[in-house]
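One structure below.
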Amino acid sequence: MSGFEQLLAEWDGMGVFIRRDAPTESWIFIALHDTRQGPALGGCRMRVYPTPVDGLRDALRLAEGMTQKWAVIGFPYGGGKAVLALSRPLQAAEREGLLRRFGRVVESLNGSYATGEDLGTTPADLALVAEETSYVHGIDRGTGRSIDPGPHTALGVFAAMRASLQHLFGDPELRDRTVLVQGIGDVGLPLVRLLRDAGASVLASDTDAERMEAATRLGAAPVAPEAVYAAPCDVFAPCAVGAILNADTVPLLQCRVVVGSANNQLAESEVAEQLHTSGILYAPDYVVNAGGAIALPMFSQGASEAEVRQRVEQIGVTLGEILREAAARSESPLHAAQRRVEQVLAR
Ligand code: PHE
């Protein structure tokens, strides 16, 4: 079987829209995972992948993560995700062309899938997409400007950290806790700011020198990317790419808890059990990182900043419940979260 066939044969989702974008030599994948709760909604990721198969694999996993995210927060959407899988970096004009063609594809799906920002796309990109389709969340229709979900996701991660510390130590405060943030991007940077303001001692790691500089300007101490897993800290916050928790990295970890915004942090779900037996609390990514998913549709429906903020902070309450339930049953938090998801999806 070819790579695409193999991936699709092993996937339990609804279906995938696939299109080759010849002008940019890239691929458009739109994966719809589980749409029983509503139409698919999920961000659009753009990055260079070694092969198109890697892009499709990412789309399938990310769409599944969105199903879980919507179920945990109880929003009436289905899991979906778009991946624009580039074979090489694009120039500005090419990038705009691809985004516009992607927008037209989304429009042609008539609402079965709606999009928003994700890793590798910016609010400006989404504003462009929104010129081609109305199925973009987080656009201010008055100004045409797109709302950045990153700071809202960061706020949710922060609330989740407090809930995790409360669970572990009976004290939610970040003051004097050491937090290591991996990935100083759209979520990582505002998270560093929140942590600094809360009096935490912040370590930051990124492969990009400019991003590192932005973090150090906020008072974070730099950690080299190759040293990130073994760096001692209280809280490890993966806020970059997925699959970074795996059989190679887990034995290196020197933290008490993992709470971060990256989607699909676990290379496989069994890694959650490995973390559990190593005594490291793993806060399930799709619970922790739902802030953007809460904010975009709420803003689309006209909610105020304060209403959105309050709902995002609820993530801490939900995570606290999951952690207590897992502790009571001596199971991993992922196990407890998964049960919630299944209950919602079975309704
Ligand atoms: N891409 C972000 C996420 O995975 C934010 C987002 C959520 C974008 C929902 C669109 C829709 O959570």
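Whatever order the structure lists them in is the order used to number ligands and atoms, beginning at 1.
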> Which of the atoms in ligand 1, numbered in the order shown and given with their element, are less than 4.0 Å from a heavy-atom of G42?
Replying inline: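 Listed by number with element, the hits are 10 (C), 11 (C).
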>> Which of the numbered atoms in ligand 1 are under 4.0 angstrom from any heavy atom belonging to D118?
In response: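 By the 4.0 Å cutoff, the relevant atoms are 1 (N), 2 (C), 4 (O).
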> With no hydrogens and no angle check, do the side chains of E273 and Y282 hold a donor and an acceptor under 3.5 Å apart?
Replying inline: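 No.
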>> What I want to check is whether the side chains of E270 and Q274 have a donor and an acceptor closer together than 3.5 Å.
In response: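 Q274 and E270 do not have a side-chain donor-acceptor pair below 3.5 Å.
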Side chain, backbone, both or neither: the part of [X] lying under 4.0 Å from ligand 1 by heavy atom:
X	answer
N263	side chain
K81	side chain
L62	neither

How close does the nearest protein non-hydrogen atom get to [atom], and which residue and atom is it?
atom	result
atom 12 (O) of ligand 1	K69 NZ, 2.7 Å
atom 8 (C) of ligand 1	E117 O, 3.2 Å
atom 10 (C) of ligand 1	G43 N, 3.4 Å

> Hey, is E96 close enough to R100 for a salt bridge, meaning N to O under 4.0 Å?
Replying inline: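 Salt bridge present between E96 and R100.
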>> Run Y286 and W70 through ring-ring contact (aromatic ring centres under 6.0 Å, His included) and show every step you take.
In response: CA-CA 9 Å; Y286 57 80; W70 295 126; over 10 Å; no
> Hey, is ligand 1 close enough to T115 that some N/O pair sits below 3.5 Å?
Replying inline: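 T115 vs ligand 1: no N/O contact under 3.5 Å.
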Table please: side-chain donor-acceptor pairs of residues 79-89 below 3.5 Å, with sequence neighbours left out.
residue: K81; atom: NZ; partner: D118; partner atom: OD1; Å: 3.1
residue: S87; atom: OG; partner: E25; partner atom: O; Å: 2.8
residue: R88; atom: NE; partner: E25; partner atom: OE1; Å: 2.8
residue: R88; atom: NH1; partner: E94; partner atom: OE1; Å: 3.3
residue: R88; atom: NH1; partner: E94; partner atom: OE2; Å: 3.1
residue: R88; atom: NH2; partner: E25; partner atom: OE1; Å: 3.2
residue: R88; atom: NH2; partner: E94; partner atom: OE2; Å: 3.0

> When you look at E107 and E132, which way does the side chain to side chain contact (heavy atoms under 4.5 Å, CB included) test go after all the steps?
Replying inline: CA-CA 7 Å; E107 182 62 20; E132 305 292 340; 6.0 Å; no
Tabulate below the donor-acceptor pairs under 3.5 Å that side-chain atoms of residues 209-232 make, not counting sequence neighbours, or state none.
residue: T216; atom: OG1; partner: M212; partner atom: O; Å: 3.2
residue: T216; atom: OG1; partner: E213; partner atom: O; Å: 2.9
residue: Y229; atom: OH; partner: Q182; partner atom: NE2; Å: 3.1

